Amino acid sequence: MKTLLTQFQTYLNSMTGLQVEGRPLTAAGLPHYLGQAYALYALEIEGRSVLGIALREPEGFQPAQFEKQLPRLLNVSGPVDGYCVIASALSGYVRQRLIARRIPMVIPGRQINWPMLGAVVEPRSSDKPLPVPGDPLKPATQLVILHALNSGETQPVTARALTQTLGYTPMTMSRALDDIEANNLGRVTRVGRERQLDFPDGLPALWQRAQPLMRDPVRDTVRVWKEALPEQALYCAGESALARRTLLAAPNEPVWAIGRHAWKPLAKTLEPIPIPEPGAVQLQLWRYEPGVLASDGVVDPFSLYLNLRETRDERIQMELDAMMEEIHGQRTGPLS
DNA sequence: ATCTACATTCTCCCAACTGT
DNA sequence: ACAGTTGGGAGAATGTAGAT
């Protein structure tokens, strides 16, 4: 005869189509009487980890008592997305009580009562906001992708390597990888303890898919005196950058970009200038560090595109498109 | 090395206030 | 009544500490 666990797996899979994995959990640290009453399983249902609690003696089962014992059982499993009572049989009365208390229950071959299958069955409300596919990418995530696009690198990158090149903490990089996974923009694989990121569909496909999720790198623009700014923190940006990269004429007012960290100390001391003046410049305050992607002191073409794509001016649109064409040509051109 | 949970800082937006 | 400013609060983005 099949074990209760395999019965559970095949039954749930046939009823819901969900992928169900499971293995017995050794109940270290569990009081003896609880170990006698319940067999615990670590279940994996569509990527969610769930604690399976099988009743060894369904006859003596008491839902109210069970609810008190639940915290200790969840303690054994570590953090999980939910739990579920598994029993070979239960009296009608007990089934009713479980439903009333909203305790998820599966009786293989007979009954499933699991209101939130597919949603999170909360043992505790997990306050972790999972990345939502379709939301705008976070600045750090956008930077990870733009870095790949700019460097042309298709080899897998580790989270640690990104930490160093992009200047964020490991935690932020980890979340950026989550973000990329949730939006299906790249492939994240585990190599031992490490997570590695690559883009198997190629960079042109990445740009096409990621672009609608990306935001203008510029959070705000202010007019200030050029001489009040630290030269080494500035990068040629906006129309000025486009003029540097194409045949477009330079704008009347030079445009520069600056990152968060360099801007913070300046924010308090600098007075904004209300009208154009000789010696004044447009300063773009970026959501991420422009210097990471810049070359020759000019912001990278992808960020530049994201910055100017809404511009109405036809000359700018033409040069922008020409610039992106050229990049595309470099990537695929001579070899293909 | 990465993750969980909590802390801190930053952004953004709207309501209330100001002066015209 | 209206435009412009301000300030405060909610939520986003990132960081820190500690566990695994």
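Worth saying up front: this structure is predicted, and the values here are computed from it rather than measured.
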I want to check one thing: is the phosphate of [N], taken as OP1 and OP2, less than 4.0 Å away from some side-chain N or O of [X]?
| X | N | answer |
| --- | --- | --- |
| A:Arg219 | B:dT11 | yes |
| A:Thr172 | C:dG15 | yes |
| A:Arg160 | B:dA1 | yes |
| A:Arg260 | C:dG15 | no |
| A:Lys264 | B:dT9 | no |
| A:Arg215 | B:dC12 | no |
| A:Ser174 | B:dT2 | no |

> Can a salt bridge be assigned to the pair A:Asp178 and A:Arg195 using a cut-off of 4.0 Å between side-chain N and carboxylate O?
Replying inline: yes

> Could A:Glu277 and A:Arg223 be called an ion pair, given the rule that one side-chain N must be under 4.0 Å from one carboxylate O?
Replying inline: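 The answer is no: the pair does not qualify as a salt bridge.
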
Within this structure, what is the [atom1]-to-[atom2] distance between [X] and [N], rounded to whole angstrom?
| X | N | atom1 | atom2 | answer |
| --- | --- | --- | --- | --- |
| A:Leu143 | C:dA13 | CG | P | 14 Å |
| A:Arg175 | B:dT2 | CZ | P | 14 Å |
| A:Leu285 | B:dC12 | CG | C1' | 14 Å |
| A:Tyr168 | B:dT8 | OH | P | 21 Å |
| A:Glu194 | B:dC3 | CD | P | 12 Å |
| A:Met173 | C:dG15 | CE | P | 8 Å |
| A:Met171 | C:dA19 | CE | C1' | 13 Å |
| A:Asp178 | B:dT4 | CG | P | 8 Å |

> With under 30° as parallel and over 60° as perpendicular, where do the rings of A:Tyr83 and A:Phe66 fit, or are they tilted in between?
Replying inline: tilted

>> Show, in sequence, the C-alpha distance, side-chain angles and deciding distance for A:Met318 and A:Met323, and conclude whether the side chain to side chain contact (heavy atoms under 4.5 Å, CB included) test is met.
In response: CA-CA 9 Å; A:Met318 274 181 53; A:Met323 179 181 73; over 6 Å; no

>> Could you check whether A:Trp256 and A:Tyr235 have their ring centres less than 6.0 Å apart?
In response: no

